[in-house]
Amino acid sequence: MDIHDDLISWYLVNKRDLPWRNTTNPYLIWLSEIILQQTRVDQGMAYYHRFSETYPTLNSLAKADEEEVLKLWQGLGYYSRGRNLLKAAQKVADDFNGVFPKTYTDILSLPGVGPYTAAAIASFAFRLPYAVVDGNVSRVLSRLFDESTPINSSAGKKLFQDLADKCLSTKRPDLHNQAMMELGALVCSPRNPSCNTCPLASHCLSMARETIQDRPQKIKSKKAKERQIDYIILQNDNRILMRKRTDKDIWQGLFDFPSIELGRPAKPDEIYKYVKEALSEHDSAKIKIQKAPVKTYQHVLSHQKLKARFWHFKVEEPFQENSIYLRKNKTQLGEVPVPRLIQQYLTDSSLI
DNA sequence: AATCCGGGGGT
DNA sequence: ACCCCAGGATT
């Protein structure tokens, strides 16, 4: 393959200057790769700086609490990445004597690290010959070889990994991998790619056949399910009752409020009934029934459309607290990790 | 093999 | 609306 020289030459001239490209520290490279999973560079940049400054070393991260890590991760989404970030750091500390593993197999054994991330770390930090296949690379390959197999099918994943393996420059796997991804990000973009400036144009089968618009093929995902949530905010002086989400559901490990989900908007008397049960006799007698929620939001996730309504009650006596429902004062409200939707409500209501 | 898991930006 | 993003884990 003589595309290597064209590709790497192009990369060295056109590459973006990104902080994780100026190091071979496997910890920092791993950190950047986890943050950038399904996340644009622009979106992940601030988080990378935040994490690398708060936890300069792997062992400083390994000592952190999950809530602390999730607070730093707040707003980035896919929170299992944050939880696994801590687990992986602890695993390196415990099982690898605090030294980041140096082989593909050991790197792959870390939670949150799959084939892509393992290959990225192995090649960038240790120059090991493993080819990365991410969204960019599979798109570039599907066009280069005019391959119609859907990139997100099982057969496609196997096929494009095989193609990437065959194309890999074993001389500089690090530069090759970076270059393939950068080409996909800057030139071989999903729509309206810049084929006129592409260093691989003369090798591109899809361009010759004019099938660029049809590559890559992809299996469409089902559309988001709708979900109705009625949140109940109980406020006693400057304290609010919050809940840590522990179920197998969205936002695991983050905090929100007690809620009701009936598959439809809850009626005012259903909210009223719920509130009364959470309070003492004395206080519940003073609660006035609300005819409508205080605020309403729509919050879109990749797989769920949330319609959230917030009912806010001010009560005079402390409410029931247990292992699930925790009392948080104003300072603590700003310290616990919350999903975007809840952050929005707290901000709009001047609660933090 | 299919589904779940966020949030933001581009078109 | 729909698509995509330096994907991985679970079912």
Side-chain angles (χ1 to χ4, degrees), chain A residues 15-16 18-21 28-48 70 73-85 87-88 107-124 130-140 150-158 160-161 164 174 177-186 188-193 213 216-225 227 245 247-254 297-306 337-344:
Chain A
K15 67 172 182 164
R16 293 167 290 180
L18 304 174
W20 45 87
R21 284 181 173 163
L28 293 175
I29 289 170
W30 163 70
L31 175 63
S32 72
E33 292 301 337
I34 302 299
I35 288 173
L36 292 173
Q37 285 170 5
Q38 293 292 287
T39 303
R40 293 170 193 279
V41 167
D42 291 342
Q43 191 187 359
M45 185 68 78
Y47 287 84
Y48 174 78
L70 286 176
W73 198 272
Q74 178 178 310
L76 195 55
Y78 284 162
Y79 296 95
S80 69
R81 290 184 294 168
R83 300 194 303 273
N84 283 332
L85 195 74
K87 285 185 194 166
I107 296 169
L108 187 61
S109 78
L110 300 174
V113 174
Y116 161 77
T117 304
I121 299 170
S123 62
F124 300 157
Y130 292 89
V132 298
V133 180
D134 70 335
N136 291 311
V137 173
S138 54
R139 182 172 58 255
V140 169
I151 58 174
N152 58 343
S153 64
S154 295
K157 284 174 191 169
K158 206 165 289 180
F160 288 105
Q161 183 68 61
D174 52 339
N177 282 334
Q178 294 279 17
M180 286 289 281
M181 290 194 286
E182 196 74 336
L183 187 70
L186 300 184
C188 196
S189 48
R191 277 177 294 255
N192 306 116
Q213 305 296 336
Q217 291 289 118
K218 199 166 182 180
I219 299 169
K220 282 178 187 145
S221 57
K222 294 164 101 178
K223 70 171 189 180
K225 252 181 62 179
R227 187 166 167 180
R245 298 182 66 96
D247 294 354
K248 238 170 50 180
D249 195 357
I250 57 174
W251 302 331
Q252 212 178 95
L254 278 61
Y297 294 84
Q298 277 217 39
H299 190 75
V300 180
L301 309 180
S302 51
H303 52 295
Q304 294 184 21
K305 263 190 218 169
L306 309 182
V338 296
R340 198 55 136 186
L341 171 66
I342 303 303
Q343 177 73 27
Q344 203 84 44

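Every chain is numbered from 1 and lettered A, B, ... according to where its sequence line falls, protein lines coming before strand lines. A quick note: this is a predicted structure, and the numbers were derived from the prediction, not measured.
Side-chain contact check for A:Trp73 versus A:Tyr47: every heavy-atom pair is 4.5 Å or farther apart. Side-chain contact between A:Leu85 and A:Leu31: present, with at least one pair of heavy atoms (C-beta onward) separated by less than 4.5 Å.
Between B:dG8 and C:dA9, the distance separating the two P atoms is 24 Å to the nearest Å. Going from the P atom of B:dC4 to that of C:dA6 covers 24 Å, rounded to whole Å. One P atom belongs to B:dT3, the other to C:dC3, and the distance between them is 16 Å to the nearest Å.
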Reading 5' to 3' through nucleotides 5-11 of chain B, protein heavy-atom contacts under 4.0 Å coded B for base, S for sugar-phosphate only, - for none:
BBBBBB-
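If you check the side chains of A:Tyr116 and A:Glu33, you find a donor sitting under 3.5 Å from an acceptor.
For A:Arg16 and A:Leu110, each mapped to the nucleotide of DNA chain C holding its nearest heavy atom, the one lying further toward the 5' end belongs to A:Arg16.
Qualifying ring pair (Phe, Tyr, Trp, His ring centres under 6.0 Å) partners for A:Tyr48, counting only residues two or more places apart in sequence or in other chains: A:Trp20. Contacts of A:Arg16 classified as salt bridge (charged side-chain N to carboxylate O under 4.0 Å, His left out), with partners at least two apart in sequence or in another chain: A:Glu182. Residues meeting the side-chain hydrogen bond (donor to acceptor under 3.5 Å, both in side chains) test with A:Gln74, sequence neighbours left out: A:Lys71, A:Gln343. Taking the salt bridge (charged side-chain N to carboxylate O under 4.0 Å, His left out) definition, one finds that A:Asp249 meets it with A:Arg227, A:Arg245, sequence neighbours left out. Remark: A:Tyr297 engages A:Lys295, A:Phe310, A:Leu341, A:Gln344, A:Tyr345, A:Asp348 in a side chain to side chain contact (heavy atoms under 4.5 Å, CB included) (not counting sequence neighbours). Remark: A:Tyr78 pairs with no residue by the ring pair (Phe, Tyr, Trp, His ring centres under 6.0 Å) rule, at least two apart or across chains. For the ring pair (Phe, Tyr, Trp, His ring centres under 6.0 Å) test, residues two or more places apart in sequence or in another chain that qualify with A:Tyr130 are A:Tyr104. Residues satisfying the side-chain hydrogen bond (donor to acceptor under 3.5 Å, both in side chains) criterion with A:Ser123, sequence neighbours excluded, are A:Asn177.
Taking a 4.0 Å limit (strictly below) on heavy-atom distances, residues 111-124 of chain A does not reach DNA chain B anywhere.
Using a 4.0 Å heavy-atom criterion, one finds that A:Lys220 contacts the sugar-phosphate atoms exclusively. When heavy atoms are screened at a 4.0 angstrom cut-off, A:Lys223 is found touching no nucleic acid atom at all. Residue-level contact check: A:Trp73 touches neither bases nor backbone, having no heavy atom under 4.0 Å from any strand.
Looking only at distances, a side-chain donor or acceptor of A:Arg81 sits under 3.5 Å from a matching main-chain atom of A:Gln37. For the pair A:Gln178 (side chain) and A:Arg21 (backbone), a donor-acceptor distance under 3.5 Å is absent.
Between the P atom of B:dT3 and the CG atom of A:Asn152 lies a distance of 12 Å, rounded to the nearest Å.
Taking every nucleotide of DNA chain C with any atom under 4.0 Å from a non-hydrogen atom of chain A, the first and last of them, 5' to 3', are C:dC3 to C:dT11.
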Can you give the dot-bracket line for DNA chain B, where a pair is Watson-Crick or G-U wobble with both atom distances under 3.5 Å, crossing pairs use [ ], and | marks a partner on another strand?
|||||.|||||
